[in-house]
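Shown next, in structure tokens, is the structure this report addresses.
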Amino acid sequence: MPDRAPQPVDRQLPTEESRDLIALVRDVVQGEIAPRAAEEEEAGHFPREVFSVLSEAGLLGLPYDSAHGGGDQPYEVYLQVLEELAAARLTVGLGASVHTLACHGLAGFGTKEQQAEHLPAMLGGGLLGGYCLSEPSSGSDAASLRTKAVRDGDDWVITGTKAWITHGGVADFYTVMARTGAEGPRGVTAFLVPGDARGLTAAAPEKKMGMKGSPTAQIHFDGVRVPDSRRIGEEGQGFTIALSALDSGRLGIAACAVGVAQAALDEAVAYARERRQFGRPIADFQGLRFLLADMATQIEAGRSLYLAAARLRDAGRPFSRQAAMAKLFCTDAAMKVTTDAVQVLGGYGYTADFPVERYMREAKVLQIVEGTNQIQRVVIARHLAGPESR
């Protein structure tokens with residue numbers, strides 16, 4: 001059966017403009033995303049046309065400066081937009097989050113000239129971005145990356161392979177971390193690389209258990225030549241840029257996780273009200289009612305946690321620990337909530353006729369991307385107890 005329309009969440013938004021923005025997002029969801037989500041995910045269709053609609057509506061540059069085509073929205077609002085998109089289709093919500101991640105380096109560390117030249121097209125000109133940090137042999141240990149960029153006159157020549165790249169092969173630009181100096185984090189530099197650069201190729205997309213509509217692929221750099229004008233920040237600053245982006249990106253993943261969990265809860269509640277056993281709706285049975293109550297509580301707690309971290313960010317205060325906590329809690333909660341939603345639907349939940357099995361498969365990846373939840377615990381513990389003894 002087709003996915004049900006997501007139930008409107010009662011949101012506390014800071015301005016009338018932000019309330020209008022959420023209304024716009026819900027219109028886009030109902031008209032462009034939700035009606036085809038199940039069918040297109042099953043077919044592995046990447047909805048590039050949806051991202052074009054989002055770009056035209058100004059929804060792909062929300063947290064950035066309007067002077068460069070952004071939306072001037074605080075993270076508190078931007079993340080709730082992501083949640084709405086992810087509740088309809090995670091491929092779209094997470095894709096918007098990754099695009100924002102790919103724009104972060106230039107928006108935060110680029111020169112005024114670079115920003116004026118590139119950001120308008122990146123934020124509202126129909127372009128779609130990818131973020132290249134992980135490699136086949138360096139995932140959690142990202143500072144050990146091996147992709148190299150060698151200076152050649154006014155250019156850099158990039159050689160190596162990046163792995164697990166969302167939008168790999170379909171992105172119009174990539175923010176790429178490459179080694180330009182010594183081993184370790186201080187030898188990494190960031191570059192803005194066009195998606196059609198000579199020598200840049202994508203491997204076949206990975207075959208995944210979920211998010212089949214979102215291409216994830218290795219990206220190969222075979223002597224890709226990039227002018228120094230596309231270097232982001234200073235030489236050796238790339239890992240700092242990467243970590244800064246990931247702190248914000250983890251909030252995006254947390255918001256997406258809450259969206260998926262909310263969609264699963266909505267489906268479970270609707271089913272429990274309709275399904276009758278022993279002469280009455282199964283929503284009458286206390287065991288199931290308590291299960292739904294626990295699901296709803298985890299979702300509300302997760303939403304409050306990511307919004308609290310977002311407000312710290314918006315206030316210019318440190319938020320790295322809270323971002324790690326939000327990513328950890330929200331994605332673990334999404335895995336639990338979606339699994340419980342399958343249980344509520346029983347045998348029907350295990351079939352592709354209902355979307356909860358897709359939500360469960362999709363929730364799993366959120367515990368892995370942009371730092372596994374084990375890495376989030378490492379980050380949190382370091383904030384509490386300091387670095388590990390060597």
Side-chain angles (χ1 to χ4, degrees), residues 1-11 26 29-31 33-44 80 83-94 208-213 254-306 329-368 373:
M1 62 178 294
D3 293 3
R4 301 175 195 270
Q7 298 301 302
V9 174
D10 184 14
R11 301 191 180 279
R26 288 173 175 169
V29 163
Q30 294 305 312
I33 302 174
R36 299 186 295 274
E39 178 184 355
E40 292 188 352
E41 279 298 318
E42 181 64 24
Q80 294 186 76
E83 185 190 326
E84 295 274 341
L85 294 174
R89 187 177 178 187
L90 183 58
T91 285
V92 177
L94 187 138
K208 301 172 297 186
M209 66 184 288
M211 289 192 69
K212 297 178 181 179
C256 286
V258 171
V260 172
Q262 184 69 59
L265 174 64
D266 291 344
E267 186 70 28
V269 169
Y271 181 87
R273 287 171 171 170
E274 297 169 1
R275 175 70 169 171
R276 299 181 66 86
Q277 292 287 276
F278 305 102
R280 53 180 173 157
I282 63 173
D284 282 356
F285 296 106
Q286 188 180 71
L288 192 141
R289 295 172 76 87
F290 282 7
L291 187 61
L292 295 174
D294 287 345
M295 293 162 70
T297 300
Q298 291 177 79
I299 291 168
E300 288 291 342
R303 182 176 292 124
S304 296
L305 189 56
Y306 87 63
F329 182 88
C330 293
T331 59
D332 280 353
M335 193 71 250
K336 179 68 165 62
V337 167
T338 56
T339 301
D340 287 346
V342 171
Q343 192 70 20
V344 170
L345 271 68
Y348 290 109
Y350 198 68
T351 72
D353 294 331
F354 290 80
V356 290
E357 62 85 28
R358 171 163 64 86
Y359 299 150
M360 185 178 76
R361 289 185 288 106
E362 291 177 339
K364 184 62 207 175
V365 76
L366 298 175
Q367 295 178 299
I368 299 170
N373 283 5

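As the structure is a computational prediction, the values presented were derived from the model and not from experiment.
- Scanning for salt bridge (Lys or Arg N to Asp or Glu O under 4.0 Å) contacts around Glu42 gives an empty result, with sequence neighbours left out.
- Remark: Ser304 pairs with no residue by the side-chain contact (heavy atoms from CB on, under 4.5 Å) rule, at least two apart or across chains.
- Here the shortest heavy-atom pairing between Glu357 and Thr351 reads CG-O, 3.2 Å.
- For the side-chain hydrogen bond (donor to acceptor under 3.5 Å, both in side chains) test, no residue two or more places apart in sequence or in another chain qualifies with Lys212.
- The minimum heavy-atom distance between Ala264 and Tyr359, with the atom names listed, is CA-CD1, 3.7 Å.
- Here the closest heavy-atom approach between residue Ala88 and residue Val29 is recorded as CB-CG1, 3.5 Å.
- With sequence neighbours excluded, the residues that form a salt bridge (Lys or Arg N to Asp or Glu O under 4.0 Å) with Arg36 are Glu32, Glu40.
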Run the side chain to side chain contact (heavy atoms under 4.5 Å, CB included) check on Val365 and Lys208 step by step: do they pass?
CA-CA 9 Å; Val365 76; Lys208 301 172 297 186; over 6 Å; no

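- With sequence neighbours excluded, the residues forming a side-chain hydrogen bond (donor to acceptor under 3.5 Å, both in side chains) with Arg11 are Gln80, Glu83, Glu84, listed by chain and number.
- The minimum heavy-atom distance linking Arg361 with Gly210 is given by the pair NH1-CA, 3.6 Å.
- In plain terms, the two heavy atoms of Cys256 and Leu90 that are nearest each other are CB-CD1, 3.8 Å.
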Which donor-acceptor pairs under 3.5 Å do the side chains of residues 333-342 make with protein atoms, sequence neighbours left out?
unit_1: Lys336; atom_1: NZ; unit_2: Asp340; atom_2: OD1; d: 3.4
unit_1: Lys336; atom_1: NZ; unit_2: Asp340; atom_2: OD2; d: 2.6
unit_1: Thr338; atom_1: OG1; unit_2: Ala334; atom_2: O; d: 2.7
unit_1: Thr338; atom_1: OG1; unit_2: Met335; atom_2: O; d: 3.2
unit_1: Thr339; atom_1: OG1; unit_2: Met335; atom_2: O; d: 2.7

Any chance you could lay out the side chain to side chain contact (heavy atoms under 4.5 Å, CB included) test for Glu300 and Val9, step after step, and finish with the verdict?
CA-CA 10 Å; Glu300 288 291 342; Val9 174; 5.7 Å; no

Please set out all donor-acceptor pairs under 3.5 angstrom arising from side-chain atoms of residues 275-293, sequence neighbours excluded.
unit_1: Arg275; atom_1: NE; unit_2: Tyr271; atom_2: OH; d: 3.4
unit_1: Arg276; atom_1: NH2; unit_2: Gly279; atom_2: O; d: 2.6
unit_1: Arg289; atom_1: NH1; unit_2: Ala283; atom_2: O; d: 2.8

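- Rounding to the nearest 0.5 Å places CG of Asp332 at 10.5 Å from CG of Leu366.
- Using a 3.5 Å distance cut-off with no hydrogens or angles, the side chains of Gln262 and Asp266 do pair a donor with an acceptor.
- For the ring-ring contact (aromatic ring centres under 6.0 Å, His included) test, no residue two or more places apart in sequence or in another chain qualifies with Tyr350.
- Closest non-hydrogen pair, Leu305 versus Phe329, comes out as CD2-CB, 3.7 Å.
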